[in-house]
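Atoms within a ligand are numbered from 1 in the order they appear, just like the ligands themselves.
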Amino acid sequence: MQTELLPVSPASLEMAGELIRSGALVGFPTETVYGLGANALDESAVKRIFEAKGRPGDNPLIVHISKVDQLAPLIAVEPSPAAKRLMDACWPGPMTLIFPKSNLVPSAVTAGLDTVAVRLPGHPAARALIDATRRPIAAPSANRSGRPSPTTAMHVLEDMDGRVPLILDGGPCEVGLESTVIDMTGEIPKVLRPGGITPRRIAELCGSAGVDDAVMRPLKEGEVARSPGMKYRHYAPTGALTIVQGEADAVTEAIRNLYDEALAEGKRPLILALDGHLPAYADRKALSLGDGAAGMARSIFARLREADDIGADAIFSEAVAADGLGLAVMNRLGRAAAFHIIEV
Ligand code: TXA
Ligand code: MG
């Protein structure tokens, strides 16, 4: 299959909508990461997503809508007052809500679960694509399963060339990390995957918010993941990734030592550092993670891909505090490192 890469335009959106209606897959931008979209109501189109990604069949997809009134047909309940407050305040935006599903949603989308995840994305091109398709769009991140999520159209092309007919290029993603996934089926909203909408913001809006305790640790043996995506090694570069956290001077010193040891052992080490710390690594090979949690959110997946391109086999990364957006950053980085974290 020939893969076309086109900038977002009225014509390319029409073409993309037509392709999705016909059962094909299209890569498209959202404000979080690029998605791989299919008609959410077409079971065989949805199955193509799992094939193209190499995704395990037990990991459910998010259904994307362009207007709040498209939610009702997909779910089996009336949204709670808390859900309505979240939707009013955070949609369009980087937030996914989980509800009991209606019969309209094929079980391939939800991997057999009786709940469905729904998101109304903030990126205008994503909403325009849903409008052009006139269907809800099921879309995971547009990476091959296990690879870092794509934050540019080129990343999608790297992973999906020859597997999809069309990728829409809407430039780099603004948030850079996937949406906050919130389970709305219990007493209080519960964050299953942290993202741009923070637990504090959810608690402000709803009075309380829980965070699944598997967010900052690996699953225990035999433990059932609340969000099936949590059990897979995700976002991972090929090289061994180690996170070093602590006070800035201690971190830069520890990373310099780890880097020099790795080099002496004949490895190809690489440092991922916050912008302001780069000078501390002198002429060692280091890539910038930008500034603070927001900079790191935008850059982390691209840097993990570059680490692979360079062939780095020992990667040492700085950290940010795991609160606010930093919780989402450290969740992704932690999982990419299989939670190999050194405290200094
Ligand atoms: O920002 C995003 O959410 C991006 C863009 C494209 O919208 N999409 C995305 O999809 O990250 P994906 O498939 O890579 O991640 C979806 C996550 C997975 O961890 C999955 O297990 C979880 O949402 N999920 C989906 N449906 C669920 C459900 N019914 N119950 C629990 N977790 C669910
Ligand atoms: Mg994903």
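A donor-acceptor contact shorter than 3.5 Å links the side chain of Y259 to the backbone of K285. Using a distance-only test at 3.5 Å, with no hydrogens or angles considered, no donor-acceptor pair links the side chain of D183 to the main chain of K190. Checked by atom type and distance alone, the side chain of T151 never pairs as donor or acceptor with a backbone atom of C173 at under 3.5 Å. Distance alone, capped at 3.5 Å, places no donor-acceptor pair between the H64 side chain and the R119 backbone. Between the side chain of R305 and the backbone N or O of P148 there is at least one donor-acceptor pair closer than 3.5 Å. Side-chain atoms of R48 do not come within 3.5 Å of backbone N or O of L25 as any donor-acceptor pair.
Inclusion of S149 in the first shell of the Mg ion (ligand 2) is not supported: no N, O or S atom falls under 2.8 Å.
Under a 4.0 Å heavy-atom criterion, I98 is in contact with ligand 1. Using a 4.0 Å cutoff on heavy atoms, K101 does not count as a contact of ligand 1.
Among the atoms of Y34, none of the N or O lies under 3.5 angstrom from an N or O of ligand 1. Residue contacts with ligand 1: S179 is placed with a nitrogen or oxygen under 3.5 Å of a nitrogen or oxygen of the ligand (distance criterion only). Considering backbone and side-chain N/O of N59, one or more are found under 3.5 Å from N/O of ligand 1. Taking any N or O of K53, backbone or side chain, none lies under 3.5 Å from an N or O belonging to ligand 1.
Residue I62 approaches ligand 1 through these ligand atoms, each under 4.0 Å from one of its heavy atoms: 3 (O), 8 (N), 9 (C), 10 (O), 16 (C). Residue contact check: S141 has heavy atoms under 4.0 Å from atoms 8 (N), 9 (C), 10 (O), 12 (P), 14 (O) of ligand 1. Taking every non-hydrogen atom of T32 and a distance limit under 4.0 Å, the qualifying atoms of ligand 1 come out as 1 (O), 2 (C), 4 (C), 5 (C). Heavy-atom contacts of L113 reach the following atoms of ligand 1: 28 (C), 29 (N), 30 (N) (cutoff under 4.0 Å).
For D69, the CG atom counts as densely surrounded, since its 6.0 Å shell holds more than 12 non-hydrogen atoms of other residues, nucleotides or ligands. Dense packing is recorded around CD of E306, with more than 12 heavy atoms of other residues, nucleotides or ligands lying under 6.0 Å away.
Residue contacts with ligand 1 for E31 are absent, since no atom lies close enough (heavy atoms, distance under 4.0 Å). Here T115 has heavy atoms under 4.0 Å from ligand 1 in both its backbone and its side chain.
Applying the salt bridge (charged side-chain N to carboxylate O under 4.0 Å, His left out) test between D308 and each of R268, R147, R303, R144 identifies R147 as the sole match.
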